[in-house]
Amino acid sequence: MKHVKTLNTKTYASRAIGSGCGECQASCQSACKTSCTVGNQRCERRVDENTTKKNQNTGK
Amino acid sequence: MVHTFRRLGSNIAVDTESGAVHVLSPVAYKMLSYIKPPLTQDMPVSLRYSLAKYDSSGVEEAYEELYSLYERGELFSDAIPLGDISKALSTRIKSMCLHVSHDCNMRCRYCFADCGGYVRERTLMSQKTGKRALDFLIEKSGGVRNLEVDFFGGEPLLNFDVVREITRYGRELEAKHGKNIRFTLTTNGSLLDDESIDFINAEMSNVVLSIDGRQQVNDYMRPFEDGSGSYETIIPKYKKLVERRGDGEYYVRGTFTRRNLDFATDVLHLVDLGFSAVSVEPVVLPQESEYSIRKEDLPVIIAEYEKLALEYIARAKAGRPFTFFHFIIDLDGGPCAIKRAKGCGSGCEYVAVTPDGSIYPCHQFAGEEKFKIGNIFDGVIDENIRNTFAHCNLIENPTCADCWAKYYCGGGCAANNFHMEGDIMKPYSIACELERARVEFALAIKAALAK
Ligand code: SF4
Ligand code: SF4
């Protein structure tokens, strides 16, 4: 694409699959003990690369 | 929801729900301010007029590309269906902050723990209480295997023997109950010696080493009881610990205040000392404090993040990368949406236990009677308080629900909200503005490094 470069290689699928199993680290337990931030955390389970549930657009 | 911004020379669009991050040409970037979902396959004629200053074939091309993103669910995508997060939150406890010492040998000027005293008298946790706290954690953890225990204070190394004994006991419990306990420790560094360094490196999955940066900055804010600076004492100890730690995780962590709004210099000072994993965060104090961050400081702080981001990129490109906690974002393999929606889990999955065995929603609520959840000895828990905290999540907090950065932020800090805005559900606006700016820089760094 000429006008768009997407930085992720997978998006919605990887995010939606996790079930909230609770095996990952609590976000305030690591380097920041005075705030929250989850974007830099890791999932404990390897997301199954083959599962690519597609997001639907209904126009929100 | 789509958020667009320009940072570090890139035009960026974040599609909040899908998590897609797009770097855009100038025309595509401009176009996004004119279009709203649902998009039609044919380009609306009005765009030609609105974007008349751009080449018309470019406008058509840009629209086609944006439309294909839309079709793939990477632009204006629907909300992730998450159900009732509060239910998922209130069932188990899996992380614990153990206040092994409500005492400290330093007198940091910004300390929320009131110099280790936690408003009351200085006390150390007994072995018995610590062990009971771990039993309690195991009892409440349900089916979760990975548990976390952070040794916190005051200064935890003032109670090193108990730390060691609790850790040993934890290993016993792991084997007995099929759990994996990740121990971590946060220290001011002053009491580190060969024995504690080797223990920490063997047993702690992460260690947080407190220091604020340049000597004059650190020594003013982090003096010992007698008023002398701590920098010269702790630096060699930290160096030794990190050297012996190998690949093990650690962070040197500092706080910046109104006195050092040029904190990028402090971050880089720590990096130049050889520490490659650094976290430096804004202080949270009431507005009237001479050290507090105020609204009028925000432009200066944001410019400082920019300066740091540029240096971050330059060093990464030169093969000398470092880690700044708030610039790390994993765009592909980060946590699942449910985890993102429930954020820190304070008061629910995460609790703090004080030396007398009282349970609080997190370390920053320790000592606040109205938030006391119970105690570990009888194990009875005030479900009302837990419930209130369970509703602190991205879905139920209206301010967060509408925030483009929510899945990076996780909903902010209930303790800061309470202390600064008087309500655990009311996001502390200064923290929000800084969080959003940091996320923008983190994404712009990715864009710059992908060029
Ligand atoms: S930045 Fe503020 S409003 Fe946005 S999710 Fe975080 S706490 Fe909520
Ligand atoms: S409420 Fe704030 S300090 Fe407490 S665990 Fe959550 S993010 Fe951390």
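Side-chain atoms are counted along with the backbone in the values below, which use heavy atoms only and exclude waters and symmetry mates.
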Please report the shortest heavy-atom distance between G19(B) and N8(A), naming the atom on each side.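 Minimum heavy-atom contact is O-ND2, 2.7 Å.
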On a heavy-atom basis, which atom in L7(A) and which in A450(B) lie closest, and how many Å separate them?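 Of all heavy-atom pairs spanning L7(A) and A450(B), the closest is CD2-CB, 3.9 Å.
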Which atoms of [X] come close to chain A, meaning under 4.5 Å heavy atom to heavy atom: side chain ones, backbone ones, both, or neither?
| X | value |
| --- | --- |
| K179(B) | neither |
| L443(B) | backbone |
| S68(B) | side chain |
| A431(B) | neither |
| K446(B) | both |
| V252(B) | neither |

Taking side chain to side chain donor-acceptor pair (under 3.5 Å) as the test, write out the residues that go with S210(B), two or more places apart. none
Electrostatic pair K2(A)-E61(B), nearest N-O below 4.0 angstrom: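 Yes, K2(A) and E61(B) are salt-bridged.
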Is the shortest heavy-atom distance from the side chain of [X] to the side chain of [Y] under 4.5 Å?
| X | Y | answer |
| --- | --- | --- |
| E74(B) | T6(A) | yes |
| L24(B) | K5(A) | no |
| V23(B) | V4(A) | no |

Counting only heavy atoms not in K36(B) (residues, nucleotides, ligands), do more than 12 fall under 6.0 Å from its NZ? no
Would the distance check show the side chain of [X] and the main-chain N or O of [Y] forming a donor-acceptor pair, the cut-off being under 3.5 Å?
| X | Y | result |
| --- | --- | --- |
| E23(A) | R145(B) | yes |
| E65(B) | H3(A) | yes |
| E349(B) | G22(A) | no |

To the closest 0.5 Å, what do you measure between OG1 (T184(B)) and CD (Q25(A))?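 So the OG1 of T184(B) and the CD of Q25(A) are separated by 7.5 Å.
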CG of D332(B) to OG1 of T9(A), rounded to nearest 0.5 Å, is 3.0 Å
With a 4.5 Å cut-off on heavy-atom pairs, point out which of V439(B), N146(B), L209(B) contacts chain A the most. N146(B)
